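Computed from a predicted structure; not experimentally measured. Residue numbering restarts at 1 for every chain, and letters A, B, ... go by the order of the sequence lines.
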Protein chains: 2
Amino acid sequence: MILTVTPNCALDVTYTVDALRPDTVHRVREIRRRAGGKGINVARVLHAVGARTLAVGTAGGAAGDEFTRELRKADLPGELVPIAGETRRTTTVLSTTDNAVTLFNEPGPELDTREWAAFVDAVRGLVGSADVLVCSGSLPPGAPVDGYAELLGLADGIPTVLDTSGEALRAGLAGRPSVVKPNAEELFEATGLAEPIEAAANLCGAGVGAVLVSLGPEGLLACTESGVWQAKPSAPLSGNSTGAGDAAVAGIALELARGGCWPDVVRRAVALSCAAVLGPLAGDVDLDHYLRELPAVRVQRP
Amino acid sequence: MILTVTPNCALDVTYTVDALRPDTVHRVREIRRRAGGKGINVARVLHAVGARTLAVGTAGGAAGDEFTRELRKADLPGELVPIAGETRRTTTVLSTTDNAVTLFNEPGPELDTREWAAFVDAVRGLVGSADVLVCSGSLPPGAPVDGYAELLGLADGIPTVLDTSGEALRAGLAGRPSVVKPNAEELFEATGLAEPIEAAANLCGAGVGAVLVSLGPEGLLACTESGVWQAKPSAPLSGNSTGAGDAAVAGIALELARGGCWPDVVRRAVALSCAAVLGPLAGDVDLDHYLRELPAVRVQRP
């Protein structure tokens, strides 16, 4: 079972509008709501490809009730820690005329010390039956800045993946994750180094097993103890890139769970990431495309 | 007492972001939530200037619960008809770098026949103790297209104000409102006539007592049985124009309640409208500016 941990999960709301024009009034043509947050998206992709997964999150207030209902409706196994604050919302505005995707992310409710401890306890109680531990997304206000180091420390010998940014990433490195998966911008922000391979080596020096850098349409760059690989999609794709990074994390976790080698890890990550670009919402994957793309991903030494 | 009727009320959410840029991710810096919808804004302005008012609306689902709490917190007297659907949200994005105001309006929950009848009954039960009846905003899905004609027909001899647009306005004219308050665009849409005085005369011919056209920074144009007036702010203003039209309606209703003449009606409407531009959110007015502007509004025959 792959355990995904999302301390700052969200109710994802998607608005479809004709065209997003700042400083005007828009009529929302379609509204979709679903349980979200990066680790929830990872669990959704894992569930879609038939892998056993369990999502740990938090839920509070009216948005938390709706989040809980949507998680159940999606048939996603989840353990939700109740909190006093209101679960945050993220609003995605899809503009149909130009396919622009504009996101508005609320910062999230503040957790108190007791709530954070309950969240850590929930992960502690479940990680013993997990094959891989995945920690995803921002830390909520009130969580300790090294919250991810604490959570990663609970994993007793199983592979771990950390996908976050900024201070949460820097402080999380102390938890010695097996893999971190920044994008190029997050990697630069964490290291101050513009050259990805050099920056990744810097993180490996800080105790990370491997650094897998997502490069958008250019695929994934893996810097590992046994060398560097680049994996590229077989062809350019257009679609909704929101959630493509979460799908890559799902692919990484899948291969880590089965003990795959690095070329297999990056191949599966890129194939699932491409399949997510073709899915309508974050966490959706086009399964046919996934199976077609998996053997077609170009994996090579850079 | 001024009775405001809002069949499609909303939970208004305001997001503050640094700068709205389509096709990017935004961190929401501040979130404010309040009970909204055009008639609720009218009631809020009336309440702020010390006038007796009562707002009739609907409430359903989690957003409806929050709407109800926010209405109580604002100390606004309200009669809310419960509905099975979820109260809609409107999201306003304030971009601090350029003061752009971008709105996303959900269409609203569908009312069934029984719910619409309960709404009409609520208005029928309250209109007897009202001095003015104000009908504001869109009709929700499921309401009859001539819903406003039905509601206006409940007013037994008291002045009535209709502030809506499109088909709801055209079909609402059969209720013979004392005043309609379209903006220039809504007036053109309703009549197909580009010249405001000609278009207003056309609506008067359709049974409307007077047409008060809001012209943004140019103030208000009133076409009445006793002539035409234009009222202009004493000076140009910059601020948040969302809700300025609702504040104008509050001014119109106030003067109609006290039997004011048309020049007084347009003067008060423009003064409150200007005060609303200086208020931070729709329904807020700068009371000092209102009192300063009231004698300064320039009212003249065009």
Using modelled atom types only, decide if a donor and an acceptor are shared between the side chain of A:T97 and the backbone of A:D18 within a distance under 3.5 Å. yes

Counting heavy-atom pairs under 4.5 angstrom with chain B, the leader among A:N99, A:V28, A:D98 is A:V28

Does any heavy atom of chain B fall under 4.5 Å from the side chain of A:V17, the backbone, both, or neither of them? side chain

Heavy atoms only, distances under 4.5 angstrom: which of B:A63, B:A62, B:P22 has the most pairs with chain A? Name it, please. B:P22

Less than 4.5 Å to any heavy atom of chain A: does that hold for the side chain of B:T91, its backbone, both, or neither? side chain

Checking B:Y15 against chain A: side chain, backbone, both or neither under 4.5 Å from a heavy atom? side chain

Exactly one of A:L94, A:V13, A:D12 clears side-chain contact (heavy atoms from CB on, under 4.5 Å) with A:R32, and that residue is A:L94

Residues A:L139, A:L111; criterion side-chain contact (heavy atoms from CB on, under 4.5 Å); working and verdict: CA-CA 10 Å; A:L139 288 169; A:L111 265 57; over 6 Å; no

Under a 4.5 Å cutoff for heavy-atom pairs, which residue among B:G61, B:S95, B:A100 has the most contacts with chain A? B:A100

What verdict does the side-chain contact (heavy atoms from CB on, under 4.5 Å) test give for B:D246 and B:V45, after you've listed the backbone C-alpha separation in whole Å, the side-chain angles of each residue and the deciding distance to 0.1 Å? CA-CA 8 Å; B:D246 300 331; B:V45 172; 5.8 Å; no

Chain A contact via B:R21 - which portion, at a heavy-atom distance below 4.5 Å: backbone

Distance, nearest 0.5 Å, that separates OG of A:S136 from CG of A:L162: 8.0 Å

Leading residue by heavy atom contact count with chain B [cutoff under 4.5 Å; candidates A:V25, A:V101, A:T242]: A:V101

Among A:D163, A:T164, A:V211, A:T191, find the one that has a side-chain contact (heavy atoms from CB on, under 4.5 Å) with A:P182. A:V211

